[in-house]
Amino acid sequence: MPEIRGVGIGLGVAQGPVARMSEPLAAPTDEPSELSVDEETSRVAAAVEAVARELEQRGEQAGGAARDVLEAQAMMAEDPMLADEVAARIAQGKNGEWAVHDAFAAFRDQLTAIGGYLGERAADLDDVAQRVIAHLRGVPAPGVPDPGHPFVLIAKDLAPADTALLDLDKVLALVTTEGGPTSHTAILAREKSIVAVVGAGGASQLSDGETVIVDAAAGVVVTSPSDDELTRAERRAAERAEAASAPITDGALADGTAIPLLANLGNPKGAADAVALGAEGVGLFRTEFLFLSSSQAPTIEQQREAYIELLQAFPGKKVVVRVLDAGADKPLAFLNDAHEENPALGLRGIRALQASEDILREQLTALAEADAATSADLWVMAPMVATVDEAAYFTDLARDYGIKTAGVMVEVPAAALLADRVLAVSDFASIGTNDLTQYTMAADRLLGSVAGFQDPWHPAVLRLIKDVGSAGATLGKPVGICGEAAADPLLAVVLVGLGATSLSMAPTALADVRATLLDHTFDDARKIAEAALSAADAASARTAAHQAAAHTKETQQ
Ligand code: PEP
Ligand code: MG
């Protein structure tokens, strides 16, 4: 079973025949225009306008997040800076197609060089350019194929205009050869619950009509699958469908041990969906997401309003709010705008807050006021804590403001190694497995070239989690998990076996994790965790846990 690796979005699995996105248009040649400068300029302006209106119309039809994306793309098309760049090329006697191609490419390169979120918008710009050029040539814009039967769509990186109008009855799964977990393909696949694997470079070799299995949970596309593999994939897809429609109960193991299942949120607007999917509260509210585009620190009033909206959605329930986690992948100019060679190792998280204590004090004020105005059970925690001093500094300060439950995130190995001392001064710990993996494996979580190291199944990461779990058990303090690891159903069982007392994840992952926990007792979870811990690397830990889980299930029957 040859496999093509990529990054899975969600946990779904699907199979079917491949259909590839139509090839992009041939690049325009640098011929001089036969029209006057004015004629050529207005020809291009008309094409740009037509494309922008078409994008808006598609957005209108699609609604939801797709509309915002398409409207943003329409605005991009009509960006005056781009229009000036195109006009400057036409003024030099270039033809309209080439002027559009060249000006958009220059802008695209600038975005790519900036990288991160803006870099991933580069594909949107390419799509707009292609549409304008197709319009100028009077040919259809490249788009989603229509083979007349359901298919697995293979594309370089889907443009929002295409994803928005995907016919979900026809598209069994999405595979992109480029794009990362924050590309629009990924964002929209998550929103629409489409099985997707992104950044799977090898998929460019697939041909139309060949059958593949797209396994998002494993982040692979299986080519030439055997009958056995197809049957297993079908069974898993059916199990997932069953899990999704199973009654929503509180998180618990087979022996009744309660494991509260909580939601990770970045905006109070996500609360209603989380509640509908059975979140028993919030395990991580990322406050920095509210202020990523602000150049100035948010006011107490702005913050209080947002926190009240969040807390009101969870009356009587636990809501863990994290104070601003600035730096590296989440830059906040008002907290640290210094250039750092290694921002992940720089002045981030609690370090940045300690350096700008006024901002931290204002945030704690807003949180305490929101707490007083609502009836949720508010817990507050600090990100990127590395030392016992930092933990004591934060929890003391939070308590000064009347925060009743103050804790820390364990995402730096130093904090995990001294978890007993860190927990002695904190009310709880929440393990951020994304950063804990990044720092344990010394692999930047944003860097594709070292993505293979970013695997929370690695026994080195698991051992640190166990240390924190054991310290929590000894001191009687809760230890939650709020990194992506909690959303992997079997890893969730392992984490519980290592001592996690609650699990927090993207709300769409709740159903799968809930169903898998119900398959195992606490004793099973400990045995499965032990099997993973004894492995030498992430892949064998995963395999060992699967075998141990199958064995414990067999002995139960
Ligand atoms: C983590 O690091 O695991 C975590 C939950 O925080 P973030 O992903 O926001 O850094
Ligand atoms: Mg983190």
Side-chain angles (χ1 to χ4, degrees), residues 7 9 116-117 180-182 186 190 261-267 270 274 279 281-292 319-332 335-336 342-353 379-386 390-391 394 407-416 419 422 428-447 451 453-458 460-462 464-465 468-469 479-488 491-492 494-495 498 500 502-507 509 513:
V7 178
I9 305 300
Y117 179 81
T182 52
R190 253 184 228 113
L261 296 178
L262 309 166
N264 286 355
L265 294 179
N267 193 309
V282 176
L284 168 64
F285 183 74
R286 292 176 160 109
T287 55
E288 63 282 356
F289 279 21
L290 291 173
F291 310 113
L292 278 181
V319 176
V320 186
V321 174
R322 171 171 81 187
V323 292
L324 295 166
D325 183 16
D329 53 323
K330 293 165 290 204
L332 291 180
L335 262 172
N336 176 17
N342 291 306
L345 305 180
L347 191 70
R348 59 166 301 195
I350 189 67
R351 301 171 186 179
L353 288 171
W379 296 23
V380 180
M381 65 183 179
M384 292 298 303
V385 168
E390 283 174 340
F394 175 75
V408 297
M409 287 191 74
V410 174
E411 12 184 32
V412 178
V422 167
F428 69 97
S430 180
I431 304 180
T433 51
N434 308 335
D435 277 315
L436 186 61
T437 309
Q438 148 164 277
Y439 296 124
T440 304
M441 304 306 294
D444 187 335
R445 67 193 260 192
L446 297 180
L447 211 54
F453 290 93
Q454 187 68 32
D455 192 334
W457 276 97
H458 199 286
V461 180
L462 300 182
L464 288 173
I465 295 172
V468 185
V479 173
I481 308 279
C482 64
E484 292 302 308
D488 172 336
L491 187 48
V494 168
L495 295 169
L498 296 174
S502 66
L503 300 168
S504 190
M505 63 203 78
V513 172

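Note that ligands are numbered from 1 as they come in the structure, with each ligand's atoms numbered from 1 the same way.
- Looking at every heavy atom in both residues, V410 comes nearest to A429 through CG2-CB, 4.0 Å.
- Between V323 and F394, some side-chain heavy-atom pair lies under the 4.5 Å cut-off.
- Annotation for A274 and L265: closest pair CB-CD2, 4.3 Å, computed over non-hydrogen atoms.
- For the residue pair M409 and C482, the shortest heavy atom distance occurs at CE-SG, 3.5 Å.
- Counting all heavy atoms, side chain and backbone alike, A487 lies closest to M505 at CB-CB, 4.0 Å.
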Subject >> CA sep, side-chain torsions, deciding dist, call: T433, I481, side chain to side chain contact (heavy atoms under 4.5 Å, CB included) >> reply: CA-CA 7 Å; T433 51; I481 308 279; 4.0 Å; yes

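- When heavy-atom distances to ligand 1 are checked against 4.0 Å, the residues falling inside are L284, R286, R322, D325, K330, M409, E411, G432, T433, N434, D435, R445, C482, G483, ordered by chain and number.
- Annotation for M384 and E411: closest pair N-OE2, 2.8 Å, computed over non-hydrogen atoms.
- Considering all non-hydrogen atoms of both residues, L436 and P413 come closest at CD1-N, 3.9 Å.
- Taking distances strictly below 2.8 Å, the protein N/O/S atoms close to the Mg ion (ligand 2) are E411 OE1, D435 OD2.
- In this structure, the side chains of L353 and L335 come closer than 4.5 Å at one or more pairs of heavy atoms.
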